[in-house]
Each structure stands twice: as structure tokens, then as C-alpha cells.
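Reviewing the structure listed below.
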2 protein chains.
Amino acid sequence: MTNALSARNHCPIDAKAMKKRKTLSDVAAAAGVSKMTASRALRGAGDVSKSSQEKVGRAAKELGYVGNHLAMSLASQRSDLIGVVVPSLMNIVFAEVLSGIAEGLEGSGMQPVFGVTDYDPDREYEIIRNMLSWNPAGLIITGLDQPGDTLRLLENADIPVVQIMDVDGTPVDACVGLSQKAAGEAMADAMIAKGCRRFGYVGSDLDKDTRARKRFAGFEAALSAKGLALVAVQTGNGVSSVKAGRELTAQILQDNPELDCIYYSNDDIAVGGAFHCIAAGIDVPGKLVLAGFNGLDLVESLPVKIATSRTPRREIGKAAAEIVLTSDRDQSGTAGKRTEFRPEIATGF
Amino acid sequence: MTNALSARNHCPIDAKAMKKRKTLSDVAAAAGVSKMTASRALRGAGDVSKSSQEKVGRAAKELGYVGNHLAMSLASQRSDLIGVVVPSLMNIVFAEVLSGIAEGLEGSGMQPVFGVTDYDPDREYEIIRNMLSWNPAGLIITGLDQPGDTLRLLENADIPVVQIMDVDGTPVDACVGLSQKAAGEAMADAMIAKGCRRFGYVGSDLDKDTRARKRFAGFEAALSAKGLALVAVQTGNGVSSVKAGRELTAQILQDNPELDCIYYSNDDIAVGGAFHCIAAGIDVPGKLVLAGFNGLDLVESLPVKIATSRTPRREIGKAAAEIVLTSDRDQSGTAGKRTEFRPEIATGF
DNA sequence: CTTGATATCGAGACCGGTATCGATACCAGT
DNA sequence: ACTGGTATCGATACCGGTCTCGATATCAAG
């Protein structure tokens with residue numbers, strides 16, 4: 001403020017030629033047509049003569065016209081944004097879901113915008129609220145267990161809402177995913193069928209990850225339906241990671257060397273368990289069976305065989321995107337649509 | 001269309017109470033003040049009496065007013081969006097960068113919006129163009145090697161642009177990252193110091209990943225500076241993945257069993273290499289040294305020790321965010337700012 | 001030449017906010 | 001009572017597009 005010179009931009013003289021964003025009016029003027037004709041020409045709407053088309057196109061290119069989505073969306077009362085809310089990006093699973101969404105949106109002219117909640121419901125509320133204020137054409141959010149405030153927000157929004165990854169519950173609008181509970185049950189049954197009897201469970205961040213909790217509950221339920229029970233449970237906090245898996249596995253095996261199967265809250269942690277076993281010389285799956293969840297690429301290449309439920313992340317994302325797109329054309333005929341995928345269990349042994 | 005009933009919303013009678021998004025005017029009316037006063041009250045600008053504040057606040061809450069960023073940004077000629085463009089989300093590295101960016105933006109009121117290019121320059125151009133049309137307050141994009149078209153777009157945008165991950169080149173505006181070339185050189189020197197002499201290189205998607213290419217070039221240069229040369233190179237295509245790493249490693253070792261060190265284009269592929277060695281009973285790092293890049297969490301927990309360059313992904317993201325924020329307050333004083341991090345080499349052996 | 005249909009265009013309102021600036025009210029000082 | 005300053009408020013003009021609808025031109029048919 002004290003220095004008038006430094007405050008100025010690098011060209012204090014040529015104030016006339018200030019690099020201002022070109023507007024549609026500029027293009028129209030350059031092309032010698034009206035704003036409206038330029039607008040129509042640029043977005044390929046009808047009622048424009050061939051010659052005007054060309055003049056406008058040329059003018060736009062010359063001026064480097066970029067357009068203004070803000071004004072466009074405001075004026076046309078619709079936007080080409082799809083809000084996507086996921087709990088984390090540190091987990092490759094959600095990255096794959098996003099990439100599925102991007103794929104599903106391909107060519108539709110819709111653009112996804114992401115929000116990350118870090119598994120925090122308050123943050124989720126804020127993010128959704130913020131997204132709504134950009135009035136997106138639709139919303140894709142993770143899970144079915146939003147608190148009441150958030151649900152109200154979603155219900156009032158009057159746009160298609162797709163809840164992904166889970167189908168155990170009542171969706172606001174539509175949901176696509178898999179039954180986490182059933183996935184846990186299926187894995188328990190599969191492990192029992194493999195001859196396992198002394199089960200342990202290793203998980204991380206269960207207080208935050210409601211879907212992992214549902215799988216856990218399903219797993220336990222299936223065990224007790226067969227008259228079995230978990231021998232030991234080892235849970236930790238902090239982000240679910242390979243490192244935590246390795247440490248928690250070392251711990252649970254030290255305390256319970258008799259275990260013949262460990263179910264993990266997901267593949268990352270299970271891979272950590274596999275690393276521990278490799279390092280400790282424990283025969284997997286000969287002496288100890290490990291089971292994760294997701295069917296990560298990584299698991300397939302592991303030097304030991306571990307079981308996992310292959311979840312169709314990319315497909316879920318794609319399906320969610322398509323639901324948003326279709327229910328956007330029809331007016332909100334989405335309600336109650338429920339798309340369930342069934343994870344396949346892969347053991348490789 | 002043939003069925004007039006089904007086309008309607010679920011409440012054909014009460015057309016009056018149509019659930020329309022509440023606007024600022026609604027709030028103002030409900031509070032008995034003008035739009036302007038309501039606007040000021042809601043965003044805490046000055047010149048509003050205590051009593052008006054409260055009336056407006058109450059009215060907004062009752063109506064469930066959400067606000068409209070589109071109108072707000074358009075009217076105020078500034079937005080609280082920061083555009084972020086990364087090549088991929090399948091690589092956990094970029095997820096970490098994003099999370100660093102989110103952290104750096106925390107509390108600033110700015111919201112990041114992401115775009116994924118899949119390493120495709122044309123797509124990158126389109127995405128950047130699209131982002132500019134939301135006139136964001138700043139842009140964070142990956143790499144320094146954009147084609148001319150894209151550069152022109154960025155230069156004309158007149159907003160702070162931060163290019164991340166790389167510093168080998170000339171930034172449009174500012175850059176923060178590390179010298180990929182130097183990282184490759186450093187790893188070569190470290191491996192030579194460990195006694196390695198017969199080097200192989202395994203990489204994937206080198207045609208797309210310019211930064212991996214730069215590391216490769218640096219690695220080779222450092223070797224030949226010491227009078228050494230690569231014995232073998234094995235490259236593949238498709239997404240860089242653990243699986244590809246395992247397969248390519250099996251291949252290169254079959255063809256060149258005499259190798260005593262393999263440099264990988266990144267940690268994912270290197271982990272695949274480690275898996276192959278574990279499965280094949282090859283002593284790592286005793287008989288064969290493996291070196292990756294990034295310093296992933298995963299690598300630390302691996303049952304064998306492999307070398308890697310620890311890149312400060314989160315810090316890079318955070319630094320980029322901060323540069324955008326500060327250069328947004330000052331008017332574009334960013335130009336030429338170059339923030340370089342030096343990756344530390346971790347071998348654990 | 002008139003009529004009607006079709007193609008092309010542009011004036012002006014509008015989307016939902018913010019910026020600007022003048023109006024009003026109230027109080028202290030003289 | 002008059003002046004000036006401060007606090008509070010609202011009318012109005014935007015922001016950069018789209019939408020609606022009427023105007024004009026052109027051409028074939030009658």
C-alpha cells in the first residue's frame with residue numbers, strides 16, 4: 001500500500017489493452033452478430049445459418065474465448081456438475097470408484113466434482129451442503145448411514161442422489177453397491193468350507209468405517225449360525241494400512257497362535273498380514289488362511305495366496321453415474337432404485 | 001409421454017407449494033428486509049444491525065436456505081474454486097497429493113475440484129479449458145511438459161498456476177516438486193555405492209509418464225558418468241501395476257540372470273518385482289537389489305528390503321495450495337517461484 | 001401480388017446473487 | 001435550529017450467459 005508502484009501489474013501504461021477475459025459479447029461483436037446468435041452458434045443449437053456459424057466459430061477461436069460456466073449454469077438453470085462424495089482417497093478402492101464414475105459420465109458432458117470426508121459425518125454434511133450450492137445435476141455419495149441432518153439436506157435438494165457401496169438400508173433415492181453384511185457372511189461360509197475353525201478378526205478404524213463394521217457383523221453372525229465363534233479380535237486405529245495390518249497380525253498371532261484363519265477388514269490390512277506371515281515363515285494358506293475384502297490388484301500378485309471378496313468398484317461407479325444421468329433426463333424417476341452387485345470370493349487355493 | 005400421470009411429480013395437486021429452491025429474496029421477504037441486507041447479514045459483511053442479523057439468520061435457517069455459489073461467484077467476479085489436474089488416481093501418489101492440497105486449503109474457504117487426465121495431453125487440454133470456464137481462483141496441474149496449446153490457455157488465464165511434481169523445466173508461473181532427473185541420478189549413485197554393477201531397468205507406460213522418463217534418463221546418465229551402462233531394459237504398457245512389475249521382472253531375470261540391481265519406474269512396479277523374487281526364492285537385497293520410486297507406505301512393510309526415493313507427496317500438495325492462496329491475495333506475484341524438495345533415498349539395508 | 005410457411009436473427013427479460021451509492025435516521029456539537 | 005458524522009438500509013445496475021418471443025427475410029404456392 002505504501003508503494004504505489006509495486007502494487008500495480010507489470011504493465012502500468014497500456015491500461016487500455018488490459019487482458020480481460022473475453023465474453024460472449026466480444027465474440028458476437030467480432031463476428032458481427034448478436035450475443036444470442038453467437039450463443040446459439042457456439043453451443044450448436046439450431047436456428048443459425050451456416051455462415052454465422054463459421055463467423056462466430058472463427059471469432060471465438062481468434063479471441064481465445066473460453067466461456068463461462070457460471071453464467072451459463074445460472075442462466076439455464078441447470079448445471080453439468082455431478083457431485084461425488086467419498087470418505088477417503090488414500091484407499092485405492094475409492095479412486096477406482098471415481099474412475100468408474102468418470103467412465104460412466106464420459107461423453108455426457110457432465111463433469112464430476114469430488115469431495116472427501118475423511119469418514120467424518122460433520123465434514124460430510126458441510127461438503128454436501130457446499131456442493132448443493134453449486135446446484136449440481138446429481139449427487140453420488142458413499143454409504144447409506146448419513147445422519148438426519150444430512151438426509152434432510154439430500155431430500156430437499158430435489159436432484160437425483162445415488163448412494164454407493166452399500167445396499168443394507170434405505171436409500172434416499174437410489175443405491176448401488178453390495179450387501180456388506182452378506183459379503184461378511186459369504187466369506188465366513190467360504191472359510192468354514194475350507195476347513196477353518198479357529199477364527200480371528202483384524203480390523204482398523206472400525207469406529208469410522210461403518211461398512212467394515214457391517215461385514216464384521218455378517219462374518220460373526222455366519223460363524224455363530226454354524227456354532228462357531230471368533231477366538232480373537234484385534235483392532236487398531238489410524239488409517240487402514242498395510243503397516244497396521246502387519247503389526248496387528250503379529251500381535252494377534254502372538255496372543256493366539258492357534259488361529260487357523262484371520263478375517264481382515266480389508267485387503268490393505270490383509271496384505272500387511274500376508275507380509276508378516278512371509279517374514280515369520282508362516283505357511284499361508286497351509287497353516288493359516290488369510291481373508292481380506294475388495295479383491296485389489298495387488299492381492300493377485302502376492303507371493304502367498306489369500307482369500308478376498310472381489311468387489312466391482314469400477315462397475316459400481318459406472319452404474320451410479322448412469323443412474324444419475326438417466327434419472328436426470330426423466331424427471332426424478334429414480335426413487336428407490338436398488339442395484340446390487342454380488343462380490344465373488346477368490347481364494348486361489 | 002403417453003401417460004400424463006406418470007410424468008408428473010408425486011404431488012400433482014399441491015402445485016402451489018412446489019419445492020422450489022429458496023432464494024435470497026425468499027429469505028429477505030421472510031425476514032422483512034431487503035435482499036441486500038439479507039445478503040450482507042448472511043455473509044457477515046458490515047453495515048447490518050444486530051436485530052437484522054438475527055432476523056435474517058432465523059429466516060434462513062427456517063427456510064433451509066442453501067445459497068447459490070453460481071450466482072455469488074458470477075456477481076462478485078471471484079470464485080472459491082481451485083482447479084486441480086492430475087494424471088491418474090489409480091496411483092496412490094496423486095491421492096496423497098490431493099489430500100495434501102485439501103489440507104493446505106483447509107480453512108481458506110477455497111474448494112478444490114479435481115480433473116483426471118489419464119496421462120492424455122488432449123484430455124488435459126480439455127479439462128483445463130473446462131476448469132477455466134468455472135473461473136477458478138487458481139490452478140494446480142501436474143508436470144511441466146504441457147503442449148503449446150495448453151500453455152497458451154494457462155498464460156491467458158490470468159490466475160495463479162502451480163505446476164507440481166517436477167521442477168526440471170520452465171514453469172508457467174510457479175512450480176513445486178522435485179527434480180526427477182536428479183532423483184534418477186541419486187538412485188544410480190546410491191546403488192553404485194552399494195556395490196551394484198550390472199543394472200537392469202523395468203518400467204511401464206514410459207510413453208505417457210514423462211516424469212518416469214526423466215528419472216530413467218537421469219539414472220542412465222549417472223551410470224554412464226561412472227563408466228557403467230544398463231545391461232537390460234524391460235518395459236511394458238498398460239497401467240503401471242504390481243502385476244506388471246511381477247511379470248516384467250520375471251521376464252528380465254529370465255533373459256538376464258546376471259543382473260544385480262533393477263531400477264523400476266515406480267514403487268508399484270518394484271513391489272511386483274519384490275513379489276516375484278520372494279516367490280522365486282531370490283535373495284533380496286542379498287543377491288539382487290531392487291529400487292523403486294516414491295517411498296510408498298507399502299514398501300516399508302514389505303518382507304524384503306527394497307530401495308526407494310521418498311517423495312514428499314503430501315508436502316508438495318500442501319505447498320502448492322499455499323502458493324495459490326498467497327498469490328491470490330497479492331495480485332499474481334507468483335511468477336517464477338520454484339519450490340524444490342529433495343527426495344531422500346531409503347534402503348533399509 | 002398476396003399469402004403462408006420456414007429459416008434466421010436480435011431485443012429484452014431473467015437467473016440469483018453482489019457492488020455501488022444515495023437515502024434516511026439518529027445523535028452530538030455548536 | 002443547523003451542521004456533520006455514523007450506522008443502517010434499499011434501489012438499481014450489473015455479472016455473463018440463456019430463454020422467449022416477436023421481427024425480418026426468403027421462397028414456393030395460389
Side-chain angles (χ1 to χ4, degrees), chain A residues 18 20-57 59-60 63-81 109 130 132-137 157-158, chain B residues 18 20-57 59-60 63-81 109 130 132-137 157-158:
Chain A
M18 267 241 306
K20 186 79 168 52
R21 263 278 281 283
K22 299 301 181 214
T23 76
L24 186 60
S25 298
D26 297 328
V27 175
V33 299
S34 75
K35 250 173 60 172
M36 203 51 233
T37 301
S39 170
R40 283 195 270 250
L42 286 177
R43 71 203 137 103
D47 279 7
V48 186
S49 67
K50 206 77 182 159
S51 75
S52 294
Q53 289 268 20
E54 279 166 14
K55 277 189 299 183
V56 172
L63 295 178
Y65 176 66
V66 175
N68 187 331
H69 260 84
L70 295 174
M72 183 262 220
S73 301
L74 182 62
S76 63
Q77 294 292 70
R78 73 183 118 76
S79 98
D80 46 10
L81 288 181
N130 191 290
L132 286 178
S133 74
W134 289 99
N135 54 2
D158 199 32
Chain B
M18 266 244 305
K20 185 82 169 51
R21 264 280 281 284
K22 298 300 180 213
T23 75
L24 186 61
S25 298
D26 297 328
V27 175
V33 298
S34 75
K35 251 172 62 171
M36 205 50 234
T37 302
S39 170
R40 284 194 270 250
L42 285 177
R43 71 201 138 104
D47 280 6
V48 186
S49 68
K50 205 80 179 160
S51 76
S52 294
Q53 288 267 22
E54 281 166 12
K55 278 189 298 185
V56 172
L63 295 178
Y65 176 68
V66 175
N68 186 331
H69 259 84
L70 295 174
M72 185 262 224
S73 299
L74 181 62
S76 63
Q77 294 292 69
R78 73 184 116 76
S79 100
D80 46 10
L81 289 181
N130 191 290
L132 287 179
S133 74
W134 289 100
N135 53 1
D158 200 33

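Order of the sequence lines fixes the chain letters, A, B, ..., with proteins taken first and strands second; residue numbering starts at 1 for each chain. Since we're looking at a predicted model, the values are computed, not measured. The figures that follow rest on heavy atoms only: side chains count, while hydrogens, waters and symmetry mates do not.
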> What integer distance in Å separates B:L42:CG from C:dG16:P?
Replying inline: 16 Å
> If you pin B:S76 and B:S51 to their nearest nucleotides in DNA chain D, which one's is more 5'?
Replying inline: B:S51
>> Starting the side chain at C-beta, find the nucleotide from D:dA11, C:dG16, D:dT18 nearest to B:L74.
In response: C:dG16
> How close or far is atom C1' of D:dC15 from atom CG of B:L70, stated in whole angstroms?
Replying inline: 12 Å
> So which nucleotide from D:dT8, D:dG17, D:dG16 ends up closest to the side chain of B:S49?
Replying inline: D:dT8
>> Measure NE2/B:H69 against C1'/D:dG16 and give the value in whole Å, please.
In response: 18 Å
>> If you compare every side-chain N and O of A:S34 against the phosphate oxygens of C:dG10 (OP1, OP2), does one of them come in below 4.0 Å?
In response: yes
>> So, OP1 or OP2 of C:dC15: does either fall under 4.0 Å of a side-chain N or O from B:T23?
In response: no
>> Side chain of B:R40, heavy atoms from C-beta onward: which of C:dC21, C:dG10, C:dG17 has the nearest atom to it?
In response: C:dC21
> Between the side-chain atoms of A:K35 and the base atoms of D:dG17, is any donor-acceptor pair under 3.5 Å?
Replying inline: yes
>> Taking any heavy-atom pair under 4.0 Å as a contact, classify A:D47: base, sugar-phosphate, or nothing.
In response: base
> Which listed nucleotide (D:dC9, D:dT18, C:dT18) is nearest to the side chain of B:S39?
Replying inline: C:dT18
>> Test your reading of the model: is there a side-chain donor-acceptor pair from A:R21 to the backbone of A:V66, 3.5 Å cut-off?
In response: no
> Starting at CH2 of A:W134 and ending at C1' of C:dG17, how long is that distance when rounded to a whole Å?
Replying inline: 12 Å
>> Between A:Q77 and C:dC14, is there a contact of a side-chain N or O with OP1 or OP2 at under 4.0 Å?
In response: no
>> Using a 3.5 Å distance criterion without hydrogens, assess whether the side chain of A:N135 forms a donor-acceptor pair with backbone atoms of A:L132.
In response: no
> D:dG17 P sits how many Å from A:D80 CG, rounded?
Replying inline: 14 Å
> Relative to the 5' end of DNA chain D, which residue comes earlier, A:M72 or B:K50, by the nucleotide with the nearest heavy atom?
Replying inline: B:K50
>> Please confirm whether the shortest side-chain N or O distance from B:R78 to OP1 or OP2 of C:dA19 is below 4.0 Å.
In response: yes
> So, the side chain of B:T37 versus the backbone of B:V33: is there a donor-acceptor pair under 3.5 Å, distance only?
Replying inline: no
> So, does B:S76 use its side chain to make a donor-acceptor pair with the main chain of B:M72 at under 3.5 Å?
Replying inline: yes
>> Distance check needed: D:dT8 C1' versus B:Q53 CD, whole Å only.
In response: 12 Å
> Between atom CG in A:D26 and atom C1' in D:dG17, what is the gap in whole Å?
Replying inline: 13 Å
> Side-chain N or O of A:Y65 less than 4.0 angstrom from OP1 or OP2 on D:dG16?
Replying inline: no
>> Please pick, from C:dA19, C:dG16, D:dT20, the nucleotide with the shortest atom-to-atom distance to any side-chain atom of B:R43.
In response: C:dA19
> With nearest nucleotides of DNA chain C determined for B:A75 and A:A71 from heavy-atom distances, which residue corresponds to the more 5′ nucleotide?
Replying inline: A:A71
> Do we see a donor-acceptor contact under 3.5 Å between the side chains of B:N130 and A:H69?
Replying inline: no
> If only side-chain N and O atoms of A:S52 are considered, is one of them under 4.0 Å from the OP1 or OP2 phosphate oxygen of C:dC9?
Replying inline: yes
> Counting N and O atoms only, with roles assigned by atom type, does the side chain of B:R40 sit under 3.5 Å from a partner on the main chain of B:K35, one being a donor and the other an acceptor?
Replying inline: no
> Nearest of D:dA11, C:dA11, D:dC15 to any side-chain atom of B:M36?
Replying inline: D:dA11
> When you measure from the side chain of B:V33, which nucleotide among D:dG10, C:dT18, C:dG10 comes out closest?
Replying inline: D:dG10
>> In whole Å, I'd like the distance from the CG atom of B:N135 to the P atom of D:dC15.
In response: 13 Å
